[in-house]
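What follows is a set of notes on a single structure, which appears directly below.
The figures here come from the full heavy-atom set of this structure, side chains too, leaving out hydrogens, waters and symmetry mates. Predicted model only: the values in this text are computed from it and were never measured.
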Amino acid sequence: MICSNHIYSLLLLERNMSSDNQWSADEEEGQLSRLLRKSRDSPFVPVGIAGFMTVVSYGLYKLKYRKDQKMSIHLIHMRVAAQGFVVGAVTLGVLYSMYKDYVRPRFFSGSKK
């Protein structure tokens, strides 16, 4: 049986023998800094997360005043609304990415004829 210290030393040796000899920032990156970096890369991720949390919070608040509606029906409506918001945010993110990568460089390039 191989002890964990031996495996760790082998992994360190493998890292030191890599071609670039640099540590990856992924191991030292915290969850908050990772979320901030990903939100800079794709700005609709925090919009989707905020919308999801808003819909779920509102649904839980309205849970108290649902009158004659069954609990399962209320939870299904809440889930569909939250998923719809997230799918909408992802769709807007994809459209924005396509615009940024294909439309803007084509029509707004620096070279004029």
Side-chain angles (χ1 to χ4, degrees):
M1 182 173 182
I2 299 175
C3 68
S4 61
N5 289 338
H6 183 66
I7 293 173
Y8 183 70
S9 64
L10 286 175
L11 290 174
L12 284 177
L13 181 63
E14 182 180 333
R15 283 240 186 240
N16 289 336
M17 294 175 64
S18 67
S19 62
D20 57 354
N21 285 334
Q22 293 181 358
W23 288 96
S24 174
D26 293 337
E27 290 125 12
E28 299 169 3
E29 189 176 37
Q31 289 181 348
L32 182 62
S33 61
R34 184 176 179 191
L35 179 65
L36 291 174
R37 179 179 52 84
K38 289 206 178 260
S39 66
R40 271 186 254 118
D41 293 343
S42 54
F44 286 96
V45 169
V47 172
I49 292 172
F52 175 80
M53 294 303 291
T54 303
V55 168
V56 168
S57 299
Y58 181 73
L60 290 175
Y61 172 75
K62 293 302 267 183
L63 187 65
K64 191 175 186 181
Y65 306 106
R66 68 181 194 274
K67 298 180 184 168
D68 294 336
Q69 190 179 30
K70 287 185 177 181
M71 171 78 88
S72 61
I73 299 298
H74 179 76
L75 292 176
I76 287 171
H77 288 170
M78 189 172 66
R79 178 185 63 87
V80 167
Q83 283 180 333
F85 198 92
V86 170
V87 167
V90 167
T91 303
L92 287 175
V94 167
L95 291 174
Y96 174 73
S97 176
M98 288 174 59
Y99 168 77
K100 187 173 67 174
D101 292 342
Y102 298 111
V103 176
R104 190 178 359 165
R106 186 174 183 190
F107 291 111
F108 301 111
S109 63
S111 62
K112 293 183 179 179
K113 292 183 180 179

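- Among all heavy-atom pairs drawn from Leu60 and Met78, the shortest one is N-SD, 3.8 Å.
- Heavy-atom contacts from other residues, nucleotides or ligands closer than 6.0 Å to CZ of Arg34 number 12 or fewer.
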For residues 87-97, run the donor-acceptor check on the side chains, cut-off 3.5 Å, and write out each pair with its distance to 0.1 Å, sequence neighbours left out.
residue, atom, partner, partner atom, Å
Thr91, OG1, Val87, O, 2.8

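- When all heavy atoms of Pro43 and Pro46 are compared, the pair lying nearest together is O-CD, 3.3 Å.
- Shown here for Val55 and Ala81, the closest heavy-atom pair between the two residues is CG1-CB, 3.7 Å.
- The hydrophobic cluster containing Tyr65, built from Ile/Leu/Val/Met/Phe/Trp/Tyr side-chain heavy atoms closer than 4.5 Å, also comprises Tyr61.
- Going from atom CG of Leu32 over to atom CZ of Arg37 covers 12.0 Å, rounded to the nearest 0.5 Å.
- Here Ser33 contributes atom OG and Lys38 contributes atom NZ; the two are 11.5 Å apart, rounded to the nearest 0.5 Å.
- Residues Val80 and Met53 fall into different hydrophobic clusters, defined by Ile, Leu, Val, Met, Phe, Trp and Tyr side chains chained together at heavy-atom separations under 4.5 Å.
- Closest non-hydrogen pair, Ala50 versus Thr54, comes out as O-OG1, 2.7 Å.
- How far CG of Leu75 is from CD of Gln69: 9.0 Å, rounded to the nearest 0.5 Å.
- Within the 4.5 Å cutoff, the side chain of Lys62 has heavy atoms near those of the His74 side chain.
- The two atoms that bring Ala82 and Phe52 nearest to each other are CB-CD1, 3.5 Å, heavy atoms only.
- Not one N or O on the side chain of Arg106 forms a donor-acceptor pair closer than 3.5 Å with the backbone of Val103.
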